[in-house]
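Chain A is the first sequence line, chain B the second, and so forth, proteins listed ahead of strands; every chain is numbered from 1.
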Amino acid sequence: MDDLNAVLRERLQKAEQMETDGVPLYPNGFSAPDPIDGIISGFGMKSATELEAAPHAFVVAGRIMALRSFGRSIFMHIQDPGGRLQIYVQQNQVSKECFSVVKRLDVGDIIRASGSLFRTKTDELTLLARELTLVTKSLRPLPEKYHGLKDIEIRLRQRYVDLIVHDSVREVFRKRAKIIQAIRDFLVERDFLEVETPMMQTIPGGATAKPFKTFHNALGIDLYLRIAPELYLKRLLVGGFERVFELNRNFRNEGISTQHNPEFTMLEFYQAYSTYEDLMQLTEELFAFVGAAVNGGELQIEYQGQIIDLSPPWRRYRLLDSLVDIGGIPRTALEDPAQTVEVARSLGVGAERFEGHGKLLTKIFDQVVEPQLIQPTFITHYPLEVSPLSRKNEAEPELTDRFELFIAGREMANGFSELNDPRDQRERFLAQLEAKQAGDEEAHEMDDDYIRALEYGMPPAAGEGIGIDRVVMLFTDCGSIRDVIPFPHQRPERKS
RNA sequence: GGGCCGUUAACUCAGUCGGUAGAGUAUCUGCCUUUUAAGCAGAGAGUCGCGCGUUCGAGUCGCGCACGGCCCA
């Protein structure tokens, strides 16, 4: 508190005077109060005469959000996790000591009050206090009551204030918890086992992305924060678990934007004896299940002004077909590698030396098709080149049994039939190493132990990753990933 | 990484042509026993993001930096 301004100084002085007068500022040992939402749902419909005929006593606690003083009586609104309730204190209804405390309360203080319910002249359900105690003194003024806190930088750096002031922000994080719980319930119901695999890995694998690097002192080795749990989850399939999932953080050393946070939450699950086609259906069921849990089963949801219909079945396109039908690019141009380079260049997405035909197709897709996929759409048949861990398509071995799911113009999920032939997997890793040497920083590393695991035999399986933050954005109508992560990363504040 | 925009009291925002910094909320003092963006009267509160420059004089003009936002890569 070295940056004390006048308001803070005055509050601190006033608080210390209260303490001197025998009013503890930070007492503890209270019993749990009655939740406000329970009081409102139980008595919100009762009339003034009903409340008068049968008085109900309650103990409530919460933060003072508004305070209106009339000299010998005071109104305040307190807020607890479930809602707001008005408290009315009259001088002749409480002890002298109590009223002297009440007179010195500030907006932001946490208090506890006991009394009975009544209705005011304006018919608002209100607790007439018989007793009121200060629970926690607040020294900093809350943001302006009418406009709230608008400065996005402060809202994120001091999320605690954002949460105090904005019901809608608290609601997003409640909904986030419900969504994640629903996903766990869905998987557990289907006999998936939740597991935890290393966040720190010696070989960062399972995705194409740049990792964060750290160092383990005792072992004297570099470790990487995982970019994906994939290869460990599949080792568990080798070990004999047939259905596993992990729902936790991944870390990717990339830029920060409204769509990317360096650490983000990912669900990955693997199911033996099934294919990517089974998983597309499972994904449709999963979204319907989540919709039921958080949206009352409504599958038409409004997102950023658009209506998105999650009712299955969802549209399916082969990648190449989507480039032709949705992207409007001639099929002949896409089937000829030389012409594809020209298409990529004309779209300004470049064409690096290490990028082959398949990679360019996906870059063109990202540019011209992805933003247009507003309604849920599965894109299938990804090129082998960009799918080093996916099973080859038996009919067309240049393609893989893989899909990605797009909703609202964003990738939401990526799934495929798993490559379980160790000989093929080794070749794929070798191809990745070549790309790496040619300059592709995101190319996959060789993982000899993973090959060894496959050599013991992994049952045929399909696996999928779903970006949880994006799912939460969809169901909470949030446009930025920062809106659904309580403490998103930012450059550190600089003390001037 | 590039372009554009922003940064003024604790919060939300004004600030004209370059001429001593403004409002509302919040805070403090006084009045007020059914208010709810309570009201009335008064008071205090500022490193105008940071630095350099132009100028008699810079919140305002120029350059650089920091942080943030939007768009592009």
Does [N] have OP1 or OP2 sitting under 4.0 Å from an N or O in the side chain of [X]?
X: A/K145; N: B/A26; answer: yes
X: A/R491; N: B/G68; answer: yes
X: A/K150; N: B/C11; answer: no
X: A/R140; N: B/A26; answer: no

Are side-chain N/O atoms of [X] and [Y] paired as donor and acceptor at under 3.5 Å?
X: A/E263; Y: A/H489; result: yes
X: A/R402; Y: A/N414; result: yes
X: A/T283; Y: A/E464; result: yes

So if I take every side-chain heavy atom of [X] and compare against [options], which nucleotide ends up nearest?
X: A/Q86; options: B/C67, B/U35, B/C13; answer: B/U35
X: A/V7; options: B/U27, B/U33, B/C11; answer: B/U27
X: A/Q367; options: B/A73, B/C11, B/G68; answer: B/A73
X: A/D151; options: B/U27, B/U12, B/C70; answer: B/U12
X: A/Y88; options: B/C13, B/U33, B/C70; answer: B/U33

- Query: Looking at A/R140, A/R63, A/R11, which one forms a salt bridge (Lys or Arg N to Asp or Glu O under 4.0 Å) with A/D106?
  - Reply: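 The single option meeting the salt bridge (Lys or Arg N to Asp or Glu O under 4.0 Å) with A/D106 is A/R11.
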
I'd like to know if [X] reaches the base of [N] with its side chain such that a donor and an acceptor end up less than 3.5 angstrom apart.
X: A/S73; N: B/U34; answer: no
X: A/R68; N: B/U35; answer: yes
X: A/Q90; N: B/U33; answer: yes
X: A/E124; N: B/U34; answer: no

- Of A/D106 and A/F75, whose nearest nucleotide on RNA chain B comes first from the 5' end?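 Looking at RNA chain B, the more 5' nearest nucleotide goes with A/D106.
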
- Item | Whichever of A/I152 and A/R11 has its nearest RNA chain B nucleotide further upstream toward 5' |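 Here A/R11 is the residue nearer the 5' end.
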
Give [X] one of three labels, base, sugar-phosphate or nothing, depending on what nucleic acid heavy atoms sit under 4.0 Å from its own.
X: A/N92; value: base
X: A/R482; value: sugar-phosphate
X: A/F118; value: base
X: A/I154; value: sugar-phosphate
X: A/T258; value: sugar-phosphate
X: A/R157; value: sugar-phosphate

Suppose you measure atom [atom1] in [N] against the same atom in [M]; what distance do you get, rounded to whole Å?
N: B/G53; M: B/U8; atom1: P; result: 24 Å
N: B/A9; M: B/G24; atom1: P; result: 16 Å
N: B/A10; M: B/U27; atom1: C1'; result: 9 Å
N: B/A26; M: B/A45; atom1: C1'; result: 11 Å
N: B/C17; M: B/C70; atom1: P; result: 31 Å
N: B/U60; M: B/C52; atom1: P; result: 14 Å
N: B/C65; M: B/G1; atom1: P; result: 12 Å
N: B/G18; M: B/A23; atom1: C1'; result: 23 Å

Find the distance [X]:[atom1] to [N]:[atom2] and express it as a whole number of Å.
X: A/L12; N: B/U27; atom1: CG; atom2: P; value: 16 Å
X: A/F70; N: B/G30; atom1: CZ; atom2: P; value: 18 Å
X: A/L8; N: B/A9; atom1: CG; atom2: C1'; value: 13 Å
X: A/R9; N: B/A43; atom1: CZ; atom2: C1'; value: 15 Å
X: A/R159; N: B/G68; atom1: CZ; atom2: P; value: 15 Å
X: A/L347; N: B/C72; atom1: CG; atom2: P; value: 14 Å
X: A/I64; N: B/A26; atom1: CD1; atom2: P; value: 14 Å
X: A/M65; N: B/A37; atom1: CE; atom2: P; value: 15 Å

Pair assignment for [N], Watson-Crick or G-U wobble, requiring both distances under 3.5 Å:
N: B/U33; value: none
N: B/C11; value: B/G24
N: B/A38; value: none
N: B/U60; value: none
N: B/G68; value: B/C5

Do the side chains of [X] and [Y] get close enough for a salt bridge, i.e. N-O under 4.0 angstrom?
X: A/D440; Y: A/K359; answer: no
X: A/D366; Y: A/K363; answer: no
X: A/E445; Y: A/K436; answer: yes

- Message: Centre-to-centre under 6.0 Å for A/F378 and A/F403, is that the case here?
- Response: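 Between A/F378 and A/F403, the centre distance is under 6.0 Å.
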
- Query: With ring centroids as reference points, do A/Y382 and A/F416 lie under 6.0 angstrom apart?
  - Reply: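 Ring centroids of A/Y382 and A/F416 are no less than 6.0 Å from each other.
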
